[in-house]
Number of protein chains: 2
Amino acid sequence: MLGSFIASRGLKHSRQRDAIVETFFEMGGHVPIEELVARVRQRDGHISVATVYRTMKLLAECGLALPRQFGDGQTRYEPASVDAHHHDHLICTGCGAIVEFENEDIEALQLRVARSHGFEVESHKLELYGRCAGCRAGAGAEGSP
Amino acid sequence: MLGSFIASRGLKHSRQRDAIVETFFEMGGHVPIEELVARVRQRDGHISVATVYRTMKLLAECGLALPRQFGDGQTRYEPASVDAHHHDHLICTGCGAIVEFENEDIEALQLRVARSHGFEVESHKLELYGRCAGCRAGAGAEGSP
DNA sequence: GTGATATTGAGAATCACAATCAACATGACC
DNA sequence: GGTCATGTTGATTGTGATTCTCAATATCAC
Ligand SMILES: [Mn+2]
Ligand SMILES: [Mn+2]
Ligand SMILES: [Zn+2]
Ligand SMILES: [Zn+2]
(Lines give C-alpha, C1' and ligand atoms only; values in the text may rest on other atoms or scores of the structure.)
(Ligands and ions follow the chains in the order given, each with its own letter.)
Protein backbone atom coordinates (compact mmCIF):
# COMPACT_ATOMS: atom_id res chain seq x y z
CA MET A 1 0.00 0.00 0.00
CA LEU A 2 2.58 2.54 1.09
CA GLY A 3 5.12 0.63 -1.00
CA SER A 4 3.09 0.98 -4.17
CA PHE A 5 2.46 4.63 -3.42
CA ILE A 6 6.17 5.21 -2.99
CA ALA A 7 6.96 3.33 -6.15
CA SER A 8 4.29 5.07 -8.21
CA ARG A 9 5.69 8.47 -7.38
CA GLY A 10 9.37 7.88 -7.70
CA LEU A 11 9.85 8.18 -3.96
CA LYS A 12 12.42 6.22 -1.99
CA HIS A 13 12.40 4.14 1.13
CA SER A 14 14.31 5.27 4.18
CA ARG A 15 15.10 3.97 7.64
CA GLN A 16 13.26 6.94 9.18
CA ARG A 17 10.15 6.50 7.09
CA ASP A 18 9.89 2.84 8.04
CA ALA A 19 10.40 3.56 11.73
CA ILE A 20 7.76 6.27 11.77
CA VAL A 21 5.17 4.28 9.85
CA GLU A 22 5.66 1.13 11.89
CA THR A 23 5.53 3.02 15.17
CA PHE A 24 2.41 4.85 14.09
CA PHE A 25 0.52 1.64 13.31
CA GLU A 26 1.77 -0.02 16.47
CA MET A 27 0.42 2.85 18.55
CA GLY A 28 -3.03 2.95 17.01
CA GLY A 29 -5.67 5.38 18.21
CA HIS A 30 -5.54 9.11 17.65
CA VAL A 31 -1.90 10.02 17.85
CA PRO A 32 -0.57 13.55 18.30
CA ILE A 33 2.66 14.25 16.42
CA GLU A 34 4.48 15.02 19.64
CA GLU A 35 3.76 11.58 21.07
CA LEU A 36 4.67 9.89 17.84
CA VAL A 37 8.00 11.68 17.79
CA ALA A 38 8.74 10.52 21.34
CA ARG A 39 7.91 6.88 20.56
CA VAL A 40 9.80 6.84 17.31
CA ARG A 41 12.86 8.25 18.99
CA GLN A 42 12.92 5.71 21.78
CA ARG A 43 12.93 3.11 19.06
CA ASP A 44 15.32 4.60 16.53
CA GLY A 45 17.61 7.14 18.09
CA HIS A 46 17.10 10.62 16.77
CA ILE A 47 14.59 11.37 14.06
CA SER A 48 13.70 14.97 13.40
CA VAL A 49 10.22 16.32 13.94
CA ALA A 50 10.26 17.67 10.42
CA THR A 51 10.60 14.13 9.12
CA VAL A 52 7.71 12.95 11.24
CA TYR A 53 5.49 15.73 9.98
CA ARG A 54 6.50 14.97 6.40
CA THR A 55 5.95 11.25 6.75
CA MET A 56 2.53 11.58 8.33
CA LYS A 57 1.51 13.91 5.55
CA LEU A 58 2.62 11.25 3.10
CA LEU A 59 0.60 8.60 4.90
CA ALA A 60 -2.42 10.86 4.76
CA GLU A 61 -1.95 11.50 1.04
CA CYS A 62 -1.97 7.81 0.25
CA GLY A 63 -5.01 7.23 2.44
CA LEU A 64 -3.37 5.26 5.23
CA ALA A 65 -3.82 7.90 7.90
CA LEU A 66 -6.48 10.49 8.66
CA PRO A 67 -5.59 13.85 10.14
CA ARG A 68 -7.93 14.84 12.95
CA GLN A 69 -8.22 18.17 14.54
CA PHE A 70 -9.99 18.19 17.88
CA GLY A 71 -10.19 21.25 20.01
CA ASP A 72 -6.70 21.27 21.45
CA GLY A 73 -4.74 22.95 18.71
CA GLN A 74 -2.65 19.99 17.65
CA THR A 75 -3.22 17.63 14.76
CA ARG A 76 -3.71 13.96 15.54
CA TYR A 77 -3.51 11.13 13.04
CA GLU A 78 -5.43 7.91 13.15
CA PRO A 79 -4.82 4.79 11.04
CA ALA A 80 -7.22 4.45 8.11
CA SER A 81 -8.00 1.37 6.14
CA VAL A 82 -9.33 1.70 2.62
CA ASP A 83 -12.43 -0.25 3.58
CA ALA A 84 -13.01 1.45 6.93
CA HIS A 85 -16.27 3.27 7.46
CA HIS A 86 -16.50 6.92 8.21
CA HIS A 87 -16.95 7.61 11.90
CA ASP A 88 -17.27 10.49 14.32
CA HIS A 89 -15.99 11.07 17.84
CA LEU A 90 -16.98 11.41 21.44
CA ILE A 91 -14.33 13.21 23.46
CA CYS A 92 -14.19 13.13 27.24
CA THR A 93 -13.46 16.55 28.68
CA GLY A 94 -12.29 14.85 31.87
CA CYS A 95 -9.72 12.26 30.86
CA GLY A 96 -9.36 13.02 27.17
CA ALA A 97 -10.64 9.61 26.11
CA ILE A 98 -11.73 9.46 22.48
CA VAL A 99 -14.54 7.07 21.54
CA GLU A 100 -15.58 6.43 17.96
CA PHE A 101 -19.12 5.96 16.74
CA GLU A 102 -21.05 5.55 13.53
CA ASN A 103 -24.65 6.62 13.14
CA GLU A 104 -26.38 6.34 9.82
CA ASP A 105 -29.42 8.23 10.97
CA ILE A 106 -27.38 11.26 11.86
CA GLU A 107 -25.54 11.06 8.57
CA ALA A 108 -28.81 10.86 6.67
CA LEU A 109 -30.24 13.83 8.52
CA GLN A 110 -27.12 15.83 7.79
CA LEU A 111 -27.52 15.24 4.08
CA ARG A 112 -31.17 16.19 4.27
CA VAL A 113 -30.52 19.41 6.17
CA ALA A 114 -27.76 20.37 3.77
CA ARG A 115 -29.91 19.67 0.74
CA SER A 116 -32.71 21.76 2.17
CA HIS A 117 -30.27 24.68 2.16
CA GLY A 118 -29.07 23.98 -1.37
CA PHE A 119 -25.77 22.49 -0.25
CA GLU A 120 -24.08 19.38 -1.53
CA VAL A 121 -22.07 17.95 1.37
CA GLU A 122 -18.45 17.05 0.72
CA SER A 123 -17.39 16.30 4.26
CA HIS A 124 -18.45 16.96 7.79
CA LYS A 125 -17.19 17.12 11.28
CA LEU A 126 -19.15 15.95 14.29
CA GLU A 127 -17.61 15.95 17.72
CA LEU A 128 -19.49 15.37 20.97
CA TYR A 129 -17.73 16.67 24.06
CA GLY A 130 -18.72 15.47 27.51
CA ARG A 131 -17.80 13.29 30.48
CA CYS A 132 -17.28 9.59 30.08
CA ALA A 133 -18.80 7.09 32.51
CA GLY A 134 -15.54 6.69 34.38
CA CYS A 135 -15.01 10.40 34.86
CA ARG A 136 -18.54 10.87 36.11
CA ALA A 137 -18.26 7.98 38.55
CA GLY A 138 -14.88 8.67 40.08
CA ALA A 139 -15.26 12.18 41.50
CA GLY A 140 -12.32 13.39 39.42
CA ALA A 141 -10.39 10.74 37.55
CA GLU A 142 -6.72 10.84 36.63
CA GLY A 143 -5.93 12.73 33.48
CA SER A 144 -7.98 15.71 34.48
CA PRO A 145 -6.06 18.89 35.35
CA MET B 1 -25.35 43.36 29.79
CA LEU B 2 -21.74 44.22 29.10
CA GLY B 3 -22.09 47.17 31.41
CA SER B 4 -23.21 45.05 34.34
CA PHE B 5 -20.47 42.55 33.61
CA ILE B 6 -17.87 45.31 33.64
CA ALA B 7 -19.27 46.76 36.83
CA SER B 8 -19.50 43.41 38.60
CA ARG B 9 -15.83 42.73 38.03
CA GLY B 10 -14.30 46.05 38.78
CA LEU B 11 -13.50 46.61 35.12
CA LYS B 12 -13.53 50.00 33.42
CA HIS B 13 -14.98 51.42 30.29
CA SER B 14 -12.76 52.66 27.52
CA ARG B 15 -13.08 54.32 24.15
CA GLN B 16 -11.48 51.29 22.49
CA ARG B 17 -13.73 48.78 24.17
CA ASP B 18 -16.84 50.67 23.09
CA ALA B 19 -15.62 51.01 19.52
CA ILE B 20 -14.80 47.32 19.23
CA VAL B 21 -18.05 46.13 20.75
CA GLU B 22 -20.21 48.44 18.69
CA THR B 23 -18.41 47.58 15.48
CA PHE B 24 -18.70 43.90 16.22
CA PHE B 25 -22.46 44.03 16.65
CA GLU B 26 -22.85 46.26 13.61
CA MET B 27 -21.02 43.73 11.47
CA GLY B 28 -22.95 40.66 12.55
CA GLY B 29 -22.29 37.24 11.12
CA HIS B 30 -19.18 35.23 11.83
CA VAL B 31 -16.41 37.77 12.10
CA PRO B 32 -12.71 36.96 11.94
CA ILE B 33 -10.54 39.09 14.23
CA GLU B 34 -8.60 40.45 11.31
CA GLU B 35 -11.72 41.88 9.67
CA LEU B 36 -12.93 43.28 12.93
CA VAL B 37 -9.62 45.05 13.45
CA ALA B 38 -9.85 46.60 9.99
CA ARG B 39 -13.39 47.87 10.54
CA VAL B 40 -12.69 49.18 13.99
CA ARG B 41 -9.69 51.09 12.73
CA GLN B 42 -11.52 52.78 9.89
CA ARG B 43 -13.94 53.99 12.52
CA ASP B 44 -11.62 54.94 15.35
CA GLY B 45 -8.10 55.53 14.16
CA HIS B 46 -5.61 53.06 15.51
CA ILE B 47 -6.61 50.35 17.92
CA SER B 48 -4.17 47.57 18.59
CA VAL B 49 -4.91 43.98 17.67
CA ALA B 50 -4.09 42.96 21.21
CA THR B 51 -6.96 45.09 22.45
CA VAL B 52 -9.34 43.55 19.94
CA TYR B 53 -8.35 40.06 21.02
CA ARG B 54 -8.76 41.02 24.65
CA THR B 55 -12.13 42.65 24.14
CA MET B 56 -13.57 39.77 22.17
CA LYS B 57 -12.46 37.40 24.88
CA LEU B 58 -14.30 39.58 27.35
CA LEU B 59 -17.45 39.54 25.24
CA ALA B 60 -17.24 35.77 25.08
CA GLU B 61 -16.80 35.50 28.84
CA CYS B 62 -19.94 37.46 29.51
CA GLY B 63 -21.89 35.45 26.95
CA LEU B 64 -22.38 38.15 24.32
CA ALA B 65 -20.17 36.53 21.69
CA LEU B 66 -19.42 32.96 20.71
CA PRO B 67 -15.98 31.96 19.46
CA ARG B 68 -16.16 29.71 16.41
CA GLN B 69 -13.39 27.77 14.96
CA PHE B 70 -13.99 26.52 11.44
CA GLY B 71 -11.31 24.84 9.43
CA ASP B 72 -9.27 27.85 8.41
CA GLY B 73 -7.08 28.36 11.42
CA GLN B 74 -8.53 31.64 12.59
CA THR B 75 -11.09 32.23 15.30
CA ARG B 76 -14.32 33.90 14.34
CA TYR B 77 -16.84 35.41 16.73
CA GLU B 78 -20.55 35.62 16.29
CA PRO B 79 -23.01 37.68 18.34
CA ALA B 80 -24.89 35.65 20.93
CA SER B 81 -28.08 36.59 22.66
CA VAL B 82 -28.94 35.01 25.96
CA ASP B 83 -32.17 33.64 24.52
CA ALA B 84 -30.72 32.49 21.20
CA HIS B 85 -30.97 28.82 20.31
CA HIS B 86 -27.99 26.66 19.72
CA HIS B 87 -27.25 26.17 16.04
CA ASP B 88 -24.76 24.47 13.77
CA HIS B 89 -23.18 25.47 10.47
CA LEU B 90 -23.02 24.69 6.79
CA ILE B 91 -19.83 26.03 5.22
CA CYS B 92 -19.38 26.45 1.48
CA THR B 93 -15.96 25.27 0.35
CA GLY B 94 -16.37 27.39 -2.76
CA CYS B 95 -17.26 30.89 -1.61
CA GLY B 96 -16.88 30.52 2.14
CA ALA B 97 -20.54 31.26 2.82
CA ILE B 98 -21.67 30.20 6.26
CA VAL B 99 -25.27 29.12 6.75
CA GLU B 100 -26.79 28.36 10.11
CA PHE B 101 -29.24 25.62 10.88
CA GLU B 102 -31.01 24.00 13.79
CA ASN B 103 -32.13 20.41 13.78
CA GLU B 104 -33.69 18.89 16.83
CA ASP B 105 -33.65 15.39 15.44
CA ILE B 106 -29.89 15.47 15.01
CA GLU B 107 -29.47 16.92 18.48
CA ALA B 108 -31.63 14.19 19.96
CA LEU B 109 -29.72 11.47 18.14
CA GLN B 110 -26.45 12.92 19.37
CA LEU B 111 -27.60 12.68 22.95
CA ARG B 112 -28.78 9.14 22.41
CA VAL B 113 -25.52 8.03 20.82
CA ALA B 114 -23.52 9.65 23.58
CA ARG B 115 -25.62 8.05 26.28
CA SER B 116 -25.22 4.66 24.67
CA HIS B 117 -21.48 5.07 25.17
CA GLY B 118 -21.83 6.23 28.75
CA PHE B 119 -21.15 9.86 27.94
CA GLU B 120 -22.97 12.91 29.19
CA VAL B 121 -22.73 15.56 26.48
CA GLU B 122 -21.60 19.02 27.50
CA SER B 123 -21.20 20.55 24.06
CA HIS B 124 -20.80 19.52 20.49
CA LYS B 125 -19.56 20.71 17.17
CA LEU B 126 -21.25 19.90 13.89
CA GLU B 127 -20.02 21.42 10.68
CA LEU B 128 -21.13 20.39 7.20
CA TYR B 129 -18.74 21.33 4.43
CA GLY B 130 -19.84 21.40 0.81
CA ARG B 131 -20.81 23.57 -2.15
CA CYS B 132 -23.66 26.00 -1.93
CA ALA B 133 -26.26 26.29 -4.67
CA GLY B 134 -24.61 29.33 -6.16
CA CYS B 135 -21.19 27.77 -6.33
CA ARG B 136 -22.54 24.65 -7.98
CA ALA B 137 -24.51 26.63 -10.53
CA GLY B 138 -21.91 29.15 -11.63
CA ALA B 139 -19.03 26.97 -12.89
CA GLY B 140 -16.66 28.55 -10.41
CA ALA B 141 -18.01 31.50 -8.50
CA GLU B 142 -15.98 34.40 -7.13
CA GLY B 143 -14.40 33.74 -3.78
CA SER B 144 -12.97 30.43 -4.86
CA PRO B 145 -9.19 30.30 -5.33
C1' DG C 1 -8.47 66.93 41.40
C1' DT C 2 -5.88 62.73 43.30
C1' DG C 3 -4.50 58.30 43.40
C1' DA C 4 -5.28 53.41 43.13
C1' DT C 5 -6.15 50.48 39.63
C1' DA C 6 -7.47 48.96 35.08
C1' DT C 7 -6.34 49.45 30.08
C1' DT C 8 -3.65 50.18 26.15
C1' DG C 9 -0.14 49.47 22.53
C1' DA C 10 4.26 47.96 20.70
C1' DG C 11 6.85 44.50 20.45
C1' DA C 12 8.56 40.11 22.05
C1' DA C 13 7.19 35.41 23.01
C1' DT C 14 4.75 31.12 21.94
C1' DC C 15 3.21 27.19 19.54
C1' DA C 16 2.31 24.14 15.89
C1' DC C 17 3.76 23.54 11.62
C1' DA C 18 5.95 24.59 6.86
C1' DA C 19 9.93 25.90 4.16
C1' DT C 20 15.11 26.04 3.25
C1' DC C 21 19.10 24.00 1.96
C1' DA C 22 23.45 21.68 2.47
C1' DA C 23 24.84 17.01 3.70
C1' DC C 24 23.49 12.45 3.04
C1' DA C 25 21.10 8.05 1.54
C1' DT C 26 18.87 5.33 -1.99
C1' DG C 27 18.47 2.55 -5.93
C1' DA C 28 18.47 2.21 -11.14
C1' DC C 29 21.89 1.23 -14.17
C1' DC C 30 26.21 -0.31 -15.64
C1' DG D 1 30.25 -3.47 -6.44
C1' DG D 2 30.59 1.32 -8.08
C1' DT D 3 28.37 5.69 -10.11
C1' DC D 4 25.36 9.14 -10.11
C1' DA D 5 20.91 11.42 -10.56
C1' DT D 6 17.58 12.17 -7.48
C1' DG D 7 14.99 11.82 -3.24
C1' DT D 8 15.45 12.40 1.96
C1' DT D 9 17.03 14.19 6.26
C1' DG D 10 17.82 17.42 10.01
C1' DA D 11 19.11 21.93 11.80
C1' DT D 12 17.49 25.98 11.40
C1' DT D 13 14.69 29.67 10.04
C1' DG D 14 10.14 31.32 8.71
C1' DT D 15 5.12 31.89 9.51
C1' DG D 16 0.66 33.08 11.17
C1' DA D 17 -2.44 33.39 14.81
C1' DT D 18 -2.71 34.42 19.37
C1' DT D 19 -0.87 35.65 24.01
C1' DC D 20 2.29 37.97 27.09
C1' DT D 21 5.03 41.84 28.96
C1' DC D 22 5.46 46.14 30.73
C1' DA D 23 5.87 51.01 30.61
C1' DA D 24 2.79 54.73 29.51
C1' DT D 25 -1.90 56.17 29.89
C1' DA D 26 -6.84 56.42 30.93
C1' DT D 27 -10.63 55.70 34.19
C1' DC D 28 -13.31 56.36 38.21
C1' DA D 29 -14.39 56.29 43.19
C1' DC D 30 -13.56 59.39 46.68
MN1 LIG E 1 -11.30 7.99 14.96
MN1 LIG F 1 -23.50 30.85 13.73
ZN1 LIG G 1 -13.24 10.56 30.89
ZN1 LIG H 1 -20.57 28.88 -2.19
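Naming convention: chains lettered A, B, ... in sequence-line order (proteins, then strands); numbering from 1 in each chain.
Phosphate proximity of C:dA16 to A:Thr75: absent, as no side-chain N or O sits under 4.0 Å from OP1 or OP2. Regarding contacts with the backbone of C:dA18, a side-chain N or O of A:Lys57 is found under 4.0 angstrom from either OP1 or OP2. At the phosphate of D:dT19, neither OP1 nor OP2 sits under 4.0 Å from any side-chain N or O atom of B:Tyr53. Contact between the side-chain N/O atoms of B:Gln74 and the OP1/OP2 oxygens of D:dG16 is not found at any separation under 4.0 Å. Residue A:Thr51 has a polar side-chain atom (N or O) positioned under 4.0 Å from OP1 or OP2 of D:dG10. Distances shorter than 4.0 Å separate none of the side-chain N or O atoms of A:Ser14 from OP1 or OP2 on D:dG7. The phosphate of D:dA26 has neither OP1 nor OP2 within less than 4.0 Å of any side-chain N or O from B:Gln16.
Under the 30°/60° scheme for interplanar angles, the aromatic rings of B:Tyr77 and B:Phe24 are found to stand perpendicular.
Around the CD atom of B:Glu34, the shell of radius 6.0 Å holds no more than 12 heavy atoms that belong to other residues, nucleotides or ligands. Under a cut-off of 6.0 angstrom, the local environment of CD in A:Glu26 is crowded, with over 12 non-hydrogen atoms contributed by other residues, nucleotides or ligands. Atom NE2 of A:His86 has more than 12 heavy atoms from other residues, nucleotides or ligands within 6.0 Å.
Whole-Å rounding puts the A:Glu35 CD to C:dC17 P distance at 13 Å. The NE2 atom of B:His13 sits 13 Å away from the C1' atom of C:dA6 (whole-angstrom rounding). If you measure from atom CD1 of B:Ile6 to atom P of D:dA26, you get 18 Å, rounded to the nearest angstrom. The nearest whole Å value for the distance from the CD1 atom in A:Ile47 to the C1' atom in D:dT9 is 10 Å. For B:Ile33 and D:dT18, the CD1 to C1' distance is 9 Å, given to the nearest whole Å. Per the geometry, CG belonging to A:Leu11 stands 12 Å off C1' belonging to C:dT26, to the nearest Å. A straight line from CZ of A:Arg15 to C1' of C:dT26 spans 13 Å, rounded to a whole angstrom.
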Checking side-chain hydrogen bond (donor to acceptor under 3.5 Å, both in side chains) for the pair A:Thr55/A:Gln16: CA distance, chi angles, key distance, verdict? CA-CA 9 Å; A:Thr55 301; A:Gln16 291 90 332; over 6 Å; no
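With hydrogens and angles left out, the side chain of A:Arg54 and the base of D:dG10 share a donor-acceptor pair within 3.5 Å.
Both B:Gly10 and B:His46 lie near DNA chain C, and the one whose nearest nucleotide falls closer to the 5' end is B:Gly10. The nearest heavy atom of DNA chain D to B:Glu34 and to A:Arg9 marks one nucleotide each, and the one closer to the 5' end goes with A:Arg9.
Comparing C:dG11, D:dG10, D:dT18 by their nearest atom to the side chain of A:Ser48 picks out D:dG10.
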